[in-house]
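Please read the structure below before turning to the comments.
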Number of protein chains: 2
Amino acid sequence: MAAGSGKSNGEDSGTDTSVPQVEVRTLADLARVAGVSAGTVSRALAGKSLVNTETRERIQALARQYGFRPNQMASKLRSRRTGVIGVVIPLGHEKRQSISDPFFLTLLGQLADQLTESGYDLMLSRAIPDGTTDWLERITGSGMVDGVLVIGQSDQSEIIDRVAAHYRPLVVWGNHREGQVHCVVGTDNEHGGRLSAEHLIASGARRLAFLGDTTGIEIAMRRRGAAAAAQDAGLPLTHIPVALANAEMGPQIKAALAMPDLDYDGIVCASDLIAMSALRVLYETGRAVPDDTQIVGFDDLPLAAQTMPPLTTIRQEIGDGARVMVEKLKSRIEGEDTSSLAMAPTLIVRRTTLR
Amino acid sequence: MAAGSGKSNGEDSGTDTSVPQVEVRTLADLARVAGVSAGTVSRALAGKSLVNTETRERIQALARQYGFRPNQMASKLRSRRTGVIGVVIPLGHEKRQSISDPFFLTLLGQLADQLTESGYDLMLSRAIPDGTTDWLERITGSGMVDGVLVIGQSDQSEIIDRVAAHYRPLVVWGNHREGQVHCVVGTDNEHGGRLSAEHLIASGARRLAFLGDTTGIEIAMRRRGAAAAAQDAGLPLTHIPVALANAEMGPQIKAALAMPDLDYDGIVCASDLIAMSALRVLYETGRAVPDDTQIVGFDDLPLAAQTMPPLTTIRQEIGDGARVMVEKLKSRIEGEDTSSLAMAPTLIVRRTTLR
DNA sequence: CCGCTTCGTACAATCGATTGAATTTCGTTG
DNA sequence: CAACGAAATTCAATCGATTGTACGAAGCGG
């Protein structure tokens with residue numbers, strides 16, 4: 001600031017990078033400096049062809065020199081396009097907690113990449129599980145975003161559906177369900193659960209357990225798949241609900257697996273995180289993996305290959321998922337309609353199972 | 001649309017939840033419906049006292065009924081306050097890749113919580129390491145955010161400093177450095193490194209190695225601390241640079257630790273992730289932890305307690321860090337000045353060291 | 001019953017960029 | 001040389017909410 005105060009440092013005057021005396025904050029300011037009108041400056045910076053090439057370059061140079069950036073709010077207001085995508089993580093049935101599931105965080109990272117690639121900014125919101133039903137509307141209706149991605153349906157499926165009925169640019173990561181309105185991208189969880197149980201059975205397990213809370217539909221479907229496979233083989237599958245990704249998970253698993261009347265030799269885990277915790281508990285209680293008890297995880301997080309022994313698991317293609325979500329969202333923003341997609345999961349055999 | 005066309009569905013008229021015939025998108029629309037002026041509606045929705053209580057409640061009820069939400073862009077433009085905080089993760093020297101470091105992701109989650117708590121939205125950007133130097137200006141100067149948080153300085157310290165010189169509401173997670181302009185919150189990495197090495201030495205290690213790339217200042221400081229401790233004890237410390245958090249990390253560690261002429265019995269790891277990978281490599285190569293080789297991690301991720309054996313590590317208080325960052329940022333937005341803060345890390349002794 | 005304050009509301013300017021329409025400039029051509 | 005058309009630029013309306021000011025209606029004491 002200080003109005004320039006006539007600094008006469010030789011370098012500057014020589015190299016033509018004269019320090020700006022006037023502050024240029026608005027298009028109008030820059031227009032004044034350039035000796036043209038605001039409209040022309042706007043078009044010049046947008047690179048439109050209606051303005052003379054020479055003028056355009058001059059104006060762009062000036063903008064750079066003065067470090068001018070057009071005010072996004074004004075721009076977005078006028079052009080009715082924000083260039084922002086809202087990404088929401090509904091914490092749903094989980095108690096007040098922070099976003100901690102590494103799978104979701106990884107997906108978030110991938111989405112950030114994809115959106116950046118497509119020229120969008122990403123606005124992150126957690127949805128607070130306070131029983132309010134307008135957490136999604138607050139975002140879709142804010143006029144702040146061109147579209148919304150929801151990471152995980154949890155148990156909020158009806159709410160999402162209700163919003164989707166009148167808000168088109170919405171894509172959800174999760175599990176497709178019969179008669180569902182909103183566009184869902186996700187893994188075929190039921191199939192994944194089936195793969196998991198089938199592999200355990202093929203590897204010799206006879207008494208199966210499913211580890212994980214099934215309030216969220218995704219997990220419920222994994223269990224259903226596992227249960228179906230067990231039934232097909234005429235084997236039992238015990239359900240042990242434990243928290244998915246918070247501090248209680250560890251102790252819960254410990255307590256659950258130590259139950260004396262519980263008998264199992266194969267565990268289908270709702271996530272890799274749970275599997276890792278289970279692995280550790282089993283080790284502590286002296287049960288050998290995979291010899292005494294076999295385990296299959298779900299997700300194939302990068303960490304899954306690092307456990308000891310490395311985790312046999314069901315792989316979800318996070319990168320592909322993020323790519324598809326963003327693609328579909330872009331289509332929907334364009335007004336097209338898109339169908340849901342359930343991607344096939346794959347079994348990754350490592351060392352927590354016998355085959 | 002369609003001008004209402006006199007739909008006379010009986011249910012609606014009965015239950016008083018009359019479906020709106022006219023679309024209410026703007027303040028002016030709602031004002032028309034309520035029979036008042038737009039200004040009054042604005043004040044009513046903002047809960048200002050200047051408007052009659054009865055009128056206010058009537059208008060709020062109408063707004064709810066018509067599902068009206070004021071356009072944020074217009075609001076933000078006018079009030080010159082966006083209610084949005086930009087959060088940037090500079091990928092810095094790391095090659096083109098996605099945000100994957102679990103420590104940063106966890107910090108991000110905590111920041112999301114804190115910001116939501118304070119009524120801010122969070123706009124996420126990755127900074128692309130394309131050698132451009134204006135990645136930060138693009139965000140600070142966009143008029144889209146009231147302030148910016150940077151997660152990790154990496155090797156972009158000078159750029160951040162340059163921006164901080166004229167952009168006040170900026171707080172960075174990282175390592176404070178002499179003569180640095182910008183406000184940094186972080187762990188005392190040097191002290192952490194020292195704690196780590198000292199503990200190894202006290203536990204009997206005599207040939208130390210430091211595992212991790214030191215391009216980023218944070219890691220460099222951890223190494224410096226470790227090196228100082230080693231020197232104090234008259235012991236050597238070999239530096240083995242490996243990637244911090246990408247696909248190459250695993251193989252690199254494997255290759256590094258297998259080097260025949262490399263001799264070590266204590267490893268200071270730059271992060272828990274590296275430590276976990278190292279743990280696995282050592283196991284595969286038949287070296288017992290902690291008996292043959294001791295390891296100390298850094299971060300104390302939730303996973304650190306789950307490894308086998310559980311990881312001795314240096315704890316960073318992520319939650320506190322996030323809280324402090326947001327607090328300081330709010331102060332800076334208010335125009336106050338804030339000083340940097342280096343939080344003391346603590347040693348968490350588990351089972352990868354002998355004591 | 002009048003002038004005064006208090007309260008509630010309406011009016012209009014404003015935030016800053018965008019964009020369709022109007023206008024100016026300039027080179028061509030009949 | 002006038003008339004025309006294309007190119008470049010200016011003008012002015014617009015996006016939708018906010019807010020200072022002005023205005024009108026009650027309420028009050030004297």
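We use all heavy atoms of the structure for the numbers below, so side chains are in, but hydrogens, waters and symmetry mates are not. Please read all numbers here as calculations on a predicted model, not as lab measurements. A, B, ... follow the sequence lines: proteins, then strands. Residue 1 opens every chain.
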With B/Asp146, which residues qualify under side chain to side chain donor-acceptor pair (under 3.5 Å), at least two apart? B/Thr82
Residues 161-173 of chain B vs side chain to side chain donor-acceptor pair (under 3.5 Å), sequence neighbours excluded, gives B/Glu137-B/Arg162, B/Asp161-B/His182, B/Arg168-B/Asp337
With sequence neighbours left out, what residues match A/Val324 under side-chain contact (heavy atoms from CB on, under 4.5 Å)? A/Val185, A/Lys328, A/Leu341
Quick one: B/Arg56 CZ to C/dG8 P, roughly how many Å, whole number? 9 Å
All N/O donor-acceptor pairs, side-chain side in residues 41-55 of chain B, below 3.5 Å, sequence neighbours left out:
{"unit_1": "B/Asn52", "atom_1": "OD1", "unit_2": "B/Glu54", "atom_2": "N", "d": "2.7"}

Could you give the start and end, 5' to 3', of the contact zone on DNA chain D for chain A, using atoms under 4.0 Å from its heavy atoms? D/dA8 to D/dG16
For A/Arg32, enumerate each residue passing the salt bridge (Lys or Arg N to Asp or Glu O under 4.0 Å) test, keeping only those at least two apart in sequence or located in another chain. A/Asp29
Name all residues meeting the side chain to side chain donor-acceptor pair (under 3.5 Å) criterion together with A/Ser331; count only those two or more places apart in sequence or in a different chain, and write none if there are none. none
Interatomic distance, B/Asn52 CG vs C/dA10 C1' [rounded to whole Å]: 15 Å
For C/dT19 and A/Lys48 - does any side-chain N or O of the residue sit under 4.0 Å from the phosphate oxygens OP1/OP2? yes
Counterpart residues, side-chain contact (heavy atoms from CB on, under 4.5 Å), relative to B/Ser75 (two or more places apart): B/Ser79
Give the angle between the helix axes at the two ends of the helix from C/dC1-D/dG30 to C/dG30-D/dC1, taking five base pairs at each end and rounding to 10°. 60°
Quick one: list whatever passes side-chain contact (heavy atoms from CB on, under 4.5 Å) with B/Arg80, sequence neighbours left out. A/Arg25
The single option from B/Leu115, B/Ile139, B/Leu107 that satisfies side chain to side chain contact (heavy atoms under 4.5 Å, CB included) with B/Val87 is B/Leu115
Heavy atoms within less than 4.0 Å of DNA chain D: which residues of residues 37-46 of chain B have one? Give them sorted by number. B/Gly39, B/Ser42, B/Arg43
From CG of B/Leu50 over to P of C/dA10, roughly how many Å is that when rounded to an integer? 13 Å
Taking side-chain contact (heavy atoms from CB on, under 4.5 Å) as the definition, give me every residue that meets it alongside B/Glu334, ordered by chain and number, with sequence neighbours left out. B/Glu336
